[in-house]
Amino acid sequence: MRLKVFRFRPGMEKPRYDLFAIEPAPGKTVLTALFEAQSRYDDSLAFRYSCRGAVCGTCAMLINRVPRLACRTRLATLLAGDSDSPLPHYVLPHLTEPWDKQEEVLVEPLPNLPVIKDLIVNMDEFFSRYREVNPVFSPGEPDPERERLMTPEAVRELERYTTCILCAACFAACPVNGKNPRYTGPAALAKLYRFHIDPRERQGPARLRTADTPDGWWACEFHTNCRRVCPKEVPPDKAIGHARQELKEMKKKETGPGGDGA
Amino acid sequence: MDGKRDLPPLHHHDVIIIGGGLTGLRAALQLSRAGRSCAVLSKVHPLRSHSVAAQGGMNAALGNVPGTEGSADSWERHAYDTIKGSDYLADQNAVVRMCKEAPATVIELEHMGTVWSRLDDGKIAQRPFGGAGFPRTCYAADRTGHNILHTLYEQVTAEKVPVYEEFFVTSLVTADGRCTGCTALEIMTGTIHGFCAKAILIATGGFGRIFSRSTNAIINTGDGQALALQAGASLKDMEFVQFHPTSLLGSNILISEAARGEGGVLVNKNGERFMRRYAPRSADLAPRDVVARAIEQEIAAGRGFDGGYVHLDLRHIGEERIRERLPGIRLIAMDFAGVDPVTEPIPVQPAQHYSMGGIDVGIEGQSGIQGLYAAGECACISVHGANRLGGNSLLETVVFGRLAAASIILNLPTEPVPADGPVLSAVTEMEAKVNGILERRGGEQLFTVIDSLKETMDTKFGIFREGDSMDKGLAEISALRERAGNISISDKDRAVNQALVRFLELEYMFLVAEAAALGAIQRKESRGSHTRTDYPARDDDHFMYHTITRNLDGKIAVSSSPVTLGMFTPEERVY
């Protein structure tokens, strides 16, 4: 099989695609294949890596036009007919290179973020959005001597969101991020929601209002690409839906009959 | 490189922290809250640090879960288990300090927002772990490192601590016997930066990737240990390398000890639960060195599966409990071995997992060089001695990240940041070195040499070691190091040159490998993780000491330092 890889470095007018012959083996991942290409054929091939075990979130890239972690994506699965259904409303006008789906796996950098070199993108915008939601635990009261108590059920609900590894696959898969660079994006909104539902915080509506803006909760169009590509099964679209509902109810109360708006 | 020369970028901070994992971030938080100017340098984004992969948990005698017959846990029991687990090589004063700090450390993280798993009564849940007399390990499902690292990153982000992401530290700078800064390669641009500081804390983690079979992230190449050695500091107990019994066959991704803590059992190809033969009382929950040796012996005796592995069977735990307590393990087994542990046993084999040895420091993190500190896995105080217990490593990172930072604050010189001169000349030197590397053509292949070094470490310095074989291994390391001098890199760009980074890492790996090899060869006994077939017994009369390795005129010299004993007298280690 062949790995077809997007190659770009500053100074190039447009990217080119290189083909690397890779020996297929059961369980071989895209990340392993990239290491093979780098060590055997071209040591200038650039891609990020760290844990190789799908926990650190470093190696998200566009594989067969779906954002995913290179380390947990197996070549054989892709060649056997990529089982993923296409992502709704996911258009990538700048990527037109065709590939042979039986013989090749196509690897490109994550969309919606600027390319630095080859498969490495600049993540600054992604982490700016993260910082904008003020992702820090704020219990609003002095710490007790021991732990604050939590029910296992509350933990279970929180864990749906704390498992996020900030790999930016959702950011790259989101059609809204594609057209609105100011959109907070699925990962940061899911993070914000995680703090909102933390029973140890007593911030009430204040947390939700952090993103009560046209570029925050209200920009989402519910394509649900975020949930489809998340390697950790985080459902940002659910968080956004719940948040909007709560905000709507809050506003109804504030402006409702006899309400004084306070 | 003639023509116009811009001055290299130079940065000034009171304290530079090298490494953005749990230790580094906990230290940064402490320094920032104390109003000190500090910065974190990391070769990856902090959230990509290997700490994120820690699964099982953090030990603390919270006593939230009663022991057998309703007995209560205590820091003394935690200390006893740790010291016995260390095969009596840990410094008992350091262990006592860590175990006393443990409950407050878990609570502190809870107060920062870490989502710990909970008991029905709402308290932090605890579970049994290898070598522990109590269900003492606090956990966040099997993503404990992930949860804590994200919490600390959130806190550090809120403090607006500057983080130099994807900066690879290339040298430490010393002047008049004091560490005054470092140089670093900004990977994305290829620029060498200078950093001036009154103190440097190394928090770079372990060196697992000098072995090919390792659970560690690919980035764990022993950079900090090598930097310290080059700067003239000592390394300690480098021969003690932990092999985790259960890594996933093939990829060697960690399958947490929590899997056995929750009831998982090891089974050989005859369907036999073999651990009782090696550890009659603790069986599958014996410490890691004991279990790893047992698996290797089963495989050597022909009772492993073809390809050198055994089974870790979780099926009897049940789907609900696996989904709740071990969801990450299940995903890993499915993603990387195509096995769902609910219905099939997981194929596992031992793999390098942890570096007990490291930079020789005291309890407060100070090395032999003024202004140079280390904490976490890259350091060796020692709290783990010859074998670390599961759940003690996350504890060490946060406890000693905080203690080292506190000690730095206390000892920070009041006079201004040192003169720029030595750092500037170190930058010039590093520029010349990097240009020299990139100018080389022909010669050796980088990746061939890396693979050969790892192969040598796996085969000559693995779970079972023997004198003649290790001597050969040391000779191989030296020969490979010679060859590495002729390595050339095809990529000639300065910006995003990952081959260049790999080459610079390889130089570090050689130093660390040589120190580990020399330590292993001179220790003619078996203790904890260091098992010699030619010296199968522990020998307290001759080897109850820490191995010290340091750089003397370009050669690594071996000496020793005493172990601090205390409330627990060394006895035979039976499980």
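By convention in this document, chain letters (A, B, ...) are assigned in the order of the sequence lines, proteins followed by strands, and residues within each chain are numbered from 1. Owing to the predicted nature of the structure, the values given are computational and were not obtained by experimental measurement.
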Option in [options] with maximal non-hydrogen atom pairs under 4.5 Å from chain B:
| options | answer |
| --- | --- |
| A:V136, A:D42, A:T73 | A:V136 |
| A:V155, A:I165, A:T151, A:L149 | A:L149 |
| A:E159, A:R156, A:R48 | A:R48 |
| A:T163, A:T29, A:I120, A:N134 | A:T163 |
| A:L45, A:V55, A:T58 | A:T58 |
| A:P152, A:P231, A:A154, A:C51 | A:P152 |

Taking side chain as everything from C-beta outward and backbone as N, CA, C, O, which of these in [X] sits under 4.5 Å from a heavy atom of chain A? Side chain, backbone, both or neither.
| X | value |
| --- | --- |
| B:L119 | backbone |
| B:R209 | side chain |
| B:N64 | side chain |
| B:T114 | backbone |
| B:A53 | both |
| B:I124 | both |
| B:A104 | neither |
| B:S490 | both |
| B:T189 | neither |

For each of [options], tally heavy-atom pairs with chain A at distances under 4.5 Å, and name the one with the top tally.
| options | answer |
| --- | --- |
| B:I253, B:D120, B:V52 | B:I253 |
| B:R143, B:K492, B:H111 | B:H111 |
| B:A499, B:S49, B:G113 | B:G113 |
| B:E166, B:H50, B:E108 | B:E166 |
| B:I332, B:L109, B:L331, B:I489 | B:I489 |
| B:K123, B:Q155, B:Q445, B:E165 | B:K123 |

[X], part contacting chain B, at a heavy-atom distance under 4.5 Å:
| X | result |
| --- | --- |
| A:P26 | neither |
| A:R40 | neither |
| A:I116 | side chain |
| A:R200 | side chain |
| A:E145 | backbone |

Quick check on the 6.0 Å ring-centre criterion: do A:Y161 and A:H196 meet it?
no

Can you tell me if B:H244 and B:T215 form a side-chain donor-acceptor pair at under 3.5 Å?
no

Are a donor atom and an acceptor atom from the side chains of A:R7 and A:S44 found within less than 3.5 Å of each other?
yes

Given A:Y17 and A:K4, is the side chain to side chain contact (heavy atoms under 4.5 Å, CB included) satisfied, shown in steps?
CA-CA 6 Å; A:Y17 285 80; A:K4 188 168 195 176; 4.1 Å; yes

In short, A:L113 meets A:E125 closest at the heavy-atom pair CD2-CB, 4.3 Å

Mutual orientation of the aromatic rings belonging to A:F6 and A:F8 [parallel < 30°, tilted 30-60°, perpendicular > 60°]:
tilted

What is the ring orientation for A:Y49 with A:F35, classed by angle as parallel under 30°, tilted 30 to 60°, or perpendicular over 60°?
perpendicular

As a quick check of understanding, evaluate side chain to side chain contact (heavy atoms under 4.5 Å, CB included) for A:C71 and A:C59, giving each step before the final call.
CA-CA 7 Å; A:C71 70; A:C59 66; 3.7 Å; yes

Answer yes or no: are there more than 12 heavy-atom neighbours, outside B:D121 itself, under 6.0 Å from its atom CG?
yes

In this structure, are over 12 heavy atoms from other groups packed under 6.0 Å from A:E233 atom CD?
no

Does the Lys NZ or Arg CZ of B:R502 fall within the cation-pi geometry relative to B:F447 - under 6.0 Å from the ring centre and within 45° of the axis?
no

Pair A:F126-B:H45, ring pair (Phe, Tyr, Trp, His ring centres under 6.0 Å): steps then yes or no:
CA-CA 13 Å; A:F126 175 74; B:H45 184 285; 9.1 Å; no

Is any side-chain heavy atom of B:E154 closer than 4.5 Å to one of A:K191?
yes

Side chain to side chain donor-acceptor pair (under 3.5 Å), paired with B:R330, selected from B:D335, B:D340, B:D142:
B:D340

Decide yes or no on side chain to side chain contact (heavy atoms under 4.5 Å, CB included) for B:N497 and B:L438, but give the supporting numbers first.
CA-CA 10 Å; B:N497 190 331; B:L438 294 180; 3.6 Å; yes

